[in-house]
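Scroll down for the structure; my scribbles are underneath it.
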Amino acid sequence: MANSPQAKKRAKQAEKRRNHNASLRSMVRTYIKNVVKAIDAKDLDKAKAAYTAAVPVIDRMADKGIINKNKAARHKSRLNAHIKAMAEAA
């Protein structure tokens with residue numbers, strides 16, 4: 001447990017930041033989930049719209065360090081590949 005006033009303050013700040021980052025991580029997952037749901041429903045227009053909405057959010061979180069840049073790139077690449085495959089099948 002933090003003993004000095006400085007350590008107590010840092011502990012409070014760390015907890016506040018952890019909660020904020022968890023919220024942002026959750027938001028990224030929700031956007032990704034929306035794209036996946038549209039892909040599973042075989043709705044090409046909805047999937048493209050969800051992907052277009054998700055990309056800037058994923059990039060922003062990668063820039064802030066909430067998620068790793070490679071993880072962001074991997075998600076975008078895989079989602080886009082699914083959408084392209086769906087478009088070719090149609």
Side-chain angles (χ1 to χ4, degrees):
M1 178 61 205
N3 290 322
S4 68
Q6 175 185 349
K8 287 178 183 173
K9 180 178 179 180
R10 291 302 296 165
K12 272 189 353 192
Q13 288 175 330
E15 181 64 17
K16 187 176 178 183
R17 177 58 50 198
R18 187 184 68 80
N19 289 331
H20 184 253
N21 288 346
S23 170
L24 295 178
R25 244 189 319 275
S26 173
M27 182 177 65
V28 171
R29 290 189 194 119
T30 302
Y31 274 91
I32 291 170
K33 209 177 296 178
N34 290 339
V35 179
V36 172
K37 281 181 188 174
I39 290 169
D40 289 344
K42 305 270 193 266
D43 189 345
L44 183 60
D45 293 333
K46 204 172 189 179
K48 283 183 178 179
Y51 179 76
T52 304
V55 167
V57 175
I58 294 171
D59 285 336
R60 203 173 321 123
M61 294 310 124
D63 287 341
K64 289 183 177 186
I66 304 299
I67 60 172
N68 189 284
K69 287 189 184 294
N70 286 349
K71 180 175 180 163
R74 183 173 64 243
H75 277 300
K76 291 190 305 183
S77 175
R78 288 180 182 171
L79 291 173
N80 197 27
H82 282 296
I83 291 172
K84 282 185 177 179
M86 209 165 67
E88 287 175 8

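These figures come from a predicted structure and were not determined experimentally. Quick note: residue numbers are just sequence positions, from 1.
- Contact between Ala47 and Ile39 at its shortest, heavy atoms only, is CB-CG1, 4.1 Å.
- With contacts defined as side-chain heavy-atom distances shorter than 4.5 Å, the pair Asp63/Lys69 qualifies.
- Heavy-atom contacts from other residues, nucleotides or ligands closer than 6.0 Å to CZ of Arg78 number 12 or fewer.
- If you take CG on Asp40 and CE on Met86, they are separated by 9.5 Å, rounding to the nearest 0.5 Å.
- Using a 4.5 Å heavy-atom threshold, the side chains of Arg60 and Pro56 count as touching.
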Checklist line | Derivation of the salt bridge (Lys or Arg N to Asp or Glu O under 4.0 Å) call for Arg18 and Glu15 | finding: CA-CA 5 Å; Arg18 187 184 68 80; Glu15 181 64 17; 2.7 Å; yes
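- The OH atom of Tyr51 sits 15.0 Å away from atom CG of Asn34, with the distance rounded to the nearest 0.5 Å.
- Using a 4.5 Å cut-off on side-chain heavy atoms (C-beta onward), Ile58 and Tyr31 make no contact.
- Inter-residue side-chain proximity for Ile83 and Val35 is flagged as met; some heavy-atom pair is nearer than 4.5 Å.
- Taking CG of Leu79 as the reference point, atom CZ of Arg74 lies at 11.5 Å (rounded to 0.5 Å).
- The two residues Met61 and Met27 have their closest heavy-atom pair at CE-CE, 3.7 Å.
- More than 12 heavy atoms of other shown residues, nucleotides or ligands fall within 6.0 angstrom of atom NZ in Lys76.
- Between Arg29 and Arg25, the closest side-chain pair of non-hydrogen atoms falls below 4.5 Å.
- In this structure a side-chain-to-backbone donor-acceptor pair under 3.5 Å is present from Thr30 to Ser26.
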